[in-house]
Amino acid sequence: KEPTILRALNALLTYIEKNIGQSFKHIKTPHFYSQNSHFLIDSTSQRALELVRPHFFENKNVTLLNNLDACATVTGSKTLKAWILSPLESREKILERQHSIQWLTKKLSVKENFKGIGDLGHTATRISLEKCNHRQLYSLSETIDKIYTAGVFLENSGQKYIENAVSLFKSDELQKIKEKIRSIISKSNSQSSKASFLIKSGYNSQLDALRRQRALFSTELIELELSEREKTKISSLKIGHSSVHGHFIEVSSNFKNKVPERYKRKQTLKNVERYDVSELTEIDVKLSEIDIEIEKLEQKIFIHLCGELKKSGEFLYNASEHLGVIDALLSLAQKIAKHNWVIPNLTDEPEVFIKNGWHPVLEQINEDLGSHTPVLKNDTVLNPNQNMMLVTGPNMSGKSTYMRQVAVIVILAKMGSPIPAESANIGSIKSIYTRIGASDDIGGGRSTFMVEMTEAAKLLNFAQKNSLVLIDEIGRGTSTKDGLALAWSIAEELANKNGALSIFSTHYFELTALTNVINTIQNFHFETIEQKDRII
C-alpha cells in the first residue's frame, strides 16, 4: 500500500505545481502513516465524546482538548490535538510519554521560556516562500534564544522524548541560524514590515555610504527649517513629510498672512496650510532617490538572507515539532501537579479498572462556575469475566457523563497522559465505538432511528474483545416492544459474540433480567440525591 499511496500523492502535488506555477519547497517530505500503530477512535466517537469539538458551538469549554490545553505555543496545542485524536497502541511508546511527563512535573517552570514564542513551522514556511519580513526573522532569533535556555534547563532527563528535543534546542545549527539573522537584521520597534534600515550598520559598506549621504540631506532639512522660521518670523513653522505629498512646510492658518510670496501652496487642511519652496523640492527629490537606492539594496540583502535560511527549513520544521511535543508534555504534567491526576498502570489483558474516577471537563466546569458541589467519583470494572455494565437510572442522574468519563480516561491512558482517578489499570484496549445521543441526519436523509441502527450495526460489525463500546439508549424511534427487542438483542450479541468491554445504558428496566441469562453482564443503577431545591 505504501508505494501506491506515495505515488498518488506525488501525482497530486505535481498536478498542483503545474497549475499554480510554483514549487512546494515548504512542504516536508511525506511519510507513511499506519492506523495500526494507533488506538482507533472513529469519527462518530470523536463527536459523541466531544474530544476536540463541542456539540454546541458556544460551549467550547466542554471539550477534552480545552481541558488539557495549557500550552504556551500554537505548535503545542496542535500536537496535543493530534495526540487526543490518535492515541498510541504501542505500550513502549506510551510508557516513554508517561516517564517524560513524570520527569517534567519537577520542571514546570520551563514553560515561562515558551511564552511569546511564535509558530516556528509557520515561520519556516514563510521563509521558504520568501514571504517573511524582518520582524518575523528577528523574532525567530529571539525564539531560538528561548528554546536554547529551555534546552539547558531540560538536560540530563534520561527520557527519549525530552533528550531528542534538547539535542535540537541546543544544536549548533540553530545557533548558526540565530547568529546569521542577528549579524544582518537590526531590531526594530516599528510595526511596519517595510520600515527603513532593516539591515544592521556595518554589514554592507555601500549601504552605509548611502545612509551617511542620506543623513547629510536630513541635516539640510533641519537647517532649512530653522532658516525659514527665522526669515518668516513664524515660530510654529515646521517641515513635515507624507508618503503622498513628500516634504512640505507646514504653517498654522493663523499665520498664513505672514507667508512669503515665494511659497507655493501644496495642501490645505483644517487648521494648517502646507507649502513648497524650490530648496525643499530639491532636497526632497534627492532624498527620494537615495531612499529608493537604500530600499533596493536592503531588499537584495534580505532576499539573499532568506535564500540562505531556506536551506535550514527542514531543520526548523523538526525543531518546531519537538517544541510542540515538550509543550504538550508540560501541559499534561500540570495535571499531576495541580489537579492530582495519576499515571495509570498498563496491563496486557483486555480490562478497564478505574478506582474513584471522575470526568475532567465536569470538574473544570464546576471550578469555572465557582460551584461548591463536589464531583462524585465512581469506580469502573470491565474484564472478560464482567464484560458488560448494564446501567439503569432516571434522567439527569449522570449515566451519560459516567460513560463518557470512562472513555475519556481510557483515551488519556492511551495517550500516555495522567488520568483523573485515584488509580487505574488500563489493558490492551485498541478501539472505542459509541452509540450516544439522539439526532437525525437531514442532509443524508436518515431518521433518528436510522442513525441509531447504522451506528449500532457498525459497532456490532467491528467491536472485538479488546474494544470499548458505549451504548447510551438504543431502540428509540420505534414501538416499545420493537425497541426493547432490539436493545435486548444488541446487548446479548455484544456480550456473547463480540465479547467487547461494554457499558450499556438503558431505560428499558426489563434488560436487567439479562444477568440471569448471561453471567458476564452485571447490573448497575444510578440514583439521584435531592437536597432542598437541588438534585445531585
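Note that the coordinates shown come from a computational prediction; the quantities given were computed from them, not determined experimentally. One is the number of the first residue; the rest follow in order along the sequence.
- A salt bridge between E50 and R47 is absent, with no side-chain N of the basic residue lying under 4.0 Å from a carboxylate O of the acidic one.
- Side chain of H38 to main chain of S86: a donor-acceptor pair is present (N/O by atom type, distance under 3.5 Å, no hydrogens or angles).
- Checking side-chain atoms of S141 against main-chain N and O of I181 turns up no donor-acceptor pair under 3.5 Å.
- Here the closest non-hydrogen pair linking Q159 and S100 is CB-OG, 3.5 Å.
- Using a 4.0 Å cut-off between charged side-chain N and carboxylate O, E225 and K238 make no salt bridge.
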**Study point:** Test log, rule salt bridge (charged side-chain N to carboxylate O under 4.0 Å, His left out), inputs E112 and K115
**Key:** CA-CA 6 Å; E112 294 298 317; K115 288 183 178 178; 3.2 Å; yes
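- No side-chain donor from either of S428 and N466 sits under 3.5 Å from a side-chain acceptor of the other.
- Counting heavy atoms of neighbouring residues, nucleotides and ligands inside a 6.0 Å radius, atom CZ of F462 does not exceed 12 of them.
- Side-chain contact, S236 with S252: no donor N or O sits under 3.5 Å from an acceptor N or O.
- Looking at E363 and W358, their side chains do bring a donor and an acceptor atom within 3.5 Å of each other.
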Check your understanding: Are L137 and L309 close enough, and set up right, to give a side-chain contact (heavy atoms from CB on, under 4.5 Å), and what steps lead you there?
Key -> CA-CA 10 Å; L137 284 192; L309 294 178; 3.7 Å; yes
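- Of the possible donor and acceptor atoms, none in the side chain of S186 sits under 3.5 Å from a partner among the backbone N and O of K200.
- For the atom pair CG of L329 and CG of L80, the computed distance is 9.0 Å after rounding to the nearest 0.5 Å.
- A donor atom on one side chain and an acceptor atom on the other are found under 3.5 Å apart for T268 and E273.
- Rounded to the nearest 0.5 angstrom, F39 CZ and K414 NZ are separated by 6.5 Å.
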Exercise for review: Please lay out, stage by stage, how M415 and L88 fare under the test side-chain contact (heavy atoms from CB on, under 4.5 Å).
Suggested key: CA-CA 6 Å; M415 284 169 55; L88 298 168; over 6 Å; no
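- More than 12 non-hydrogen atoms from other residues, nucleotides or ligands lie less than 6.0 angstrom from NE2 of H241.
- H339 places no side-chain N or O within donor-acceptor distance of the main-chain N or O of W341, the cut-off being under 3.5 Å.
- Here the shortest heavy-atom pairing between S467 and I429 reads C-CG2, 4.3 Å.
- Side-chain contact check for T63 and N66: no donor-acceptor pair (N or O, by modelled atom type) lies under 3.5 Å.
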Review point. Passes side-chain contact (heavy atoms from CB on, under 4.5 Å), I185 versus L305? Steps please.
Key: CA-CA 9 Å; I185 303 295; L305 172 61; 3.7 Å; yes
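- One finds the CG atom of L346 at 5.5 Å from the CZ atom of R91 (value rounded to the nearest 0.5 Å).
- The number of heavy-atom neighbours closer than 6.0 Å to NZ of K170, taken from other residues, nucleotides and ligands shown, is above 12.
- A donor-acceptor pair is defined here as one N or O able to donate and one able to accept, closer than 3.5 Å; no such pair exists between the side chain of K458 and the backbone of T44.
- Judged by a 6.0 Å distance limit and a 45° cone about the ring axis, R182 is positioned over the six-membered ring of Y138.
- At least one side-chain heavy atom of P418 sits under 4.5 Å from a side-chain heavy atom of L332.
- At a cut-off of 3.5 Å, with distance as the only test, a side-chain donor of Y317 or T125 sits close to an acceptor on the other residue.
- Atoms CG and OG1, from L323 and T73 in turn, are 5.0 Å apart once rounded to the nearest 0.5 Å.
- Listed for the T123 side chain is a donor-acceptor partner under 3.5 Å among the backbone atoms of D119.
- With hydrogens and angles left out, the side-chain atoms of K335 and N67 include a donor and acceptor closer than 3.5 Å.
- Here the side chains of R274 and V251 are not in contact, with every heavy-atom distance at 4.5 Å or above.
- Scanning all heavy atoms of the two residues, the minimum distance from C306 to I127 falls at O-CG2, 3.7 Å.
- Although no hydrogens or angles enter the test, the distance criterion places a donor-acceptor pair under 3.5 Å between the side chain of K266 and the main chain of H247.
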Practice item. Determine, step by step, whether I162 and W103 satisfy the side-chain contact (heavy atoms from CB on, under 4.5 Å) criterion, reporting the C-alpha distance in whole Å, the side-chain angles of both residues, the deciding distance to 0.1 Å, and the verdict. Key: CA-CA 9 Å; I162 301 170; W103 189 84; 3.5 Å; yes
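- Here the side chains of Q46 and L85 are in contact, with some heavy-atom distance below 4.5 Å.
- More than 12 heavy-atom neighbours from other residues, nucleotides or ligands sit within 6.0 angstrom of NZ on K107.
- Looking at heavy atoms from C-beta onward, V325 lies out of side-chain contact with N164 at the 4.5 angstrom threshold.
- A heavy-atom distance below 4.5 Å is not found between the side chains of Q98 and S417.
- Shown are H99, H322, E96, R97; of these, the side-chain hydrogen bond (donor to acceptor under 3.5 Å, both in side chains) with Y161 is made only by R97.
- Relative to the ring axis of Y275, R265 does not place its NZ or CZ within 45° and under 6.0 Å from the centre.
- Atom OH of Y148 is surrounded by 12 or fewer heavy atoms from other residues, nucleotides or ligands within 6.0 Å.
- When atom types are taken as modelled, the side chain of T75 and the backbone of E321 share no donor-acceptor pair closer than 3.5 angstrom.
- In this structure, the side chains of D284 and F248 stay at 4.5 Å or more apart for every pair of heavy atoms.
- Ion pairing of K286 with E282 is present here, as a side-chain N (NZ or NE/NH1/NH2) and a carboxylate O approach within less than 4.0 Å.
- Formation of a donor-acceptor pair under 3.5 Å by the S128 side chain with backbone atoms of A124 is found in this model.
- Under the 4.5 Å side-chain criterion, counting only non-hydrogen atoms from C-beta, I432 is in contact with I411.
- Counting non-hydrogen atoms of neighbouring residues, nucleotides and ligands closer than 6.0 angstrom, the CG atom of D172 reaches no more than 12 such neighbours.
- Scored by the side chain to side chain donor-acceptor pair (under 3.5 Å) test, E163 finds S157 as partners (sequence neighbours excluded).
- Using a distance-only test at 3.5 Å, with no hydrogens or angles considered, no donor-acceptor pair links the side chain of N10 to the main chain of L6.
- In this structure, the side chains of T232 and L237 come closer than 4.5 Å at one or more pairs of heavy atoms.
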Check your understanding: For D208 and S205, what are the C-alpha separation, side-chain angles and deciding distance, and is it a side chain to side chain donor-acceptor pair (under 3.5 Å)?
Key -> CA-CA 5 Å; D208 289 344; S205 57; over 6 Å; no
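- A pairwise comparison of heavy atoms in I409 and P420 identifies CD1-O, 3.8 Å as the closest pair.
- A salt bridge links R262 and E228; the closest N-O separation between the charged side-chain nitrogens and carboxylate oxygens is under 4.0 Å.
- Annotation: the span from Q334 atom CD to L104 atom CG amounts to 10.5 Å, rounded to 0.5 Å.
- Ion pairing between a basic and an acidic side chain is recognised when a charged N comes within 4.0 Å of a carboxylate O; D69 and K81 show no such pairing.
- Between R211 and E298, at least one side-chain nitrogen of the basic residue sits less than 4.0 Å from a carboxylate oxygen of the acidic one, meeting the salt-bridge criterion.
- Listed here is the closest heavy atom pair of A413 and I419: N-CG2, 3.9 Å.
- One distance of note links OG1 of T79 with CD1 of I84; it measures 11.0 Å at 0.5 Å rounding.
- Side-chain atoms of E173 and S312 form a donor-acceptor pair, as typed in the model, at a separation below 3.5 Å.
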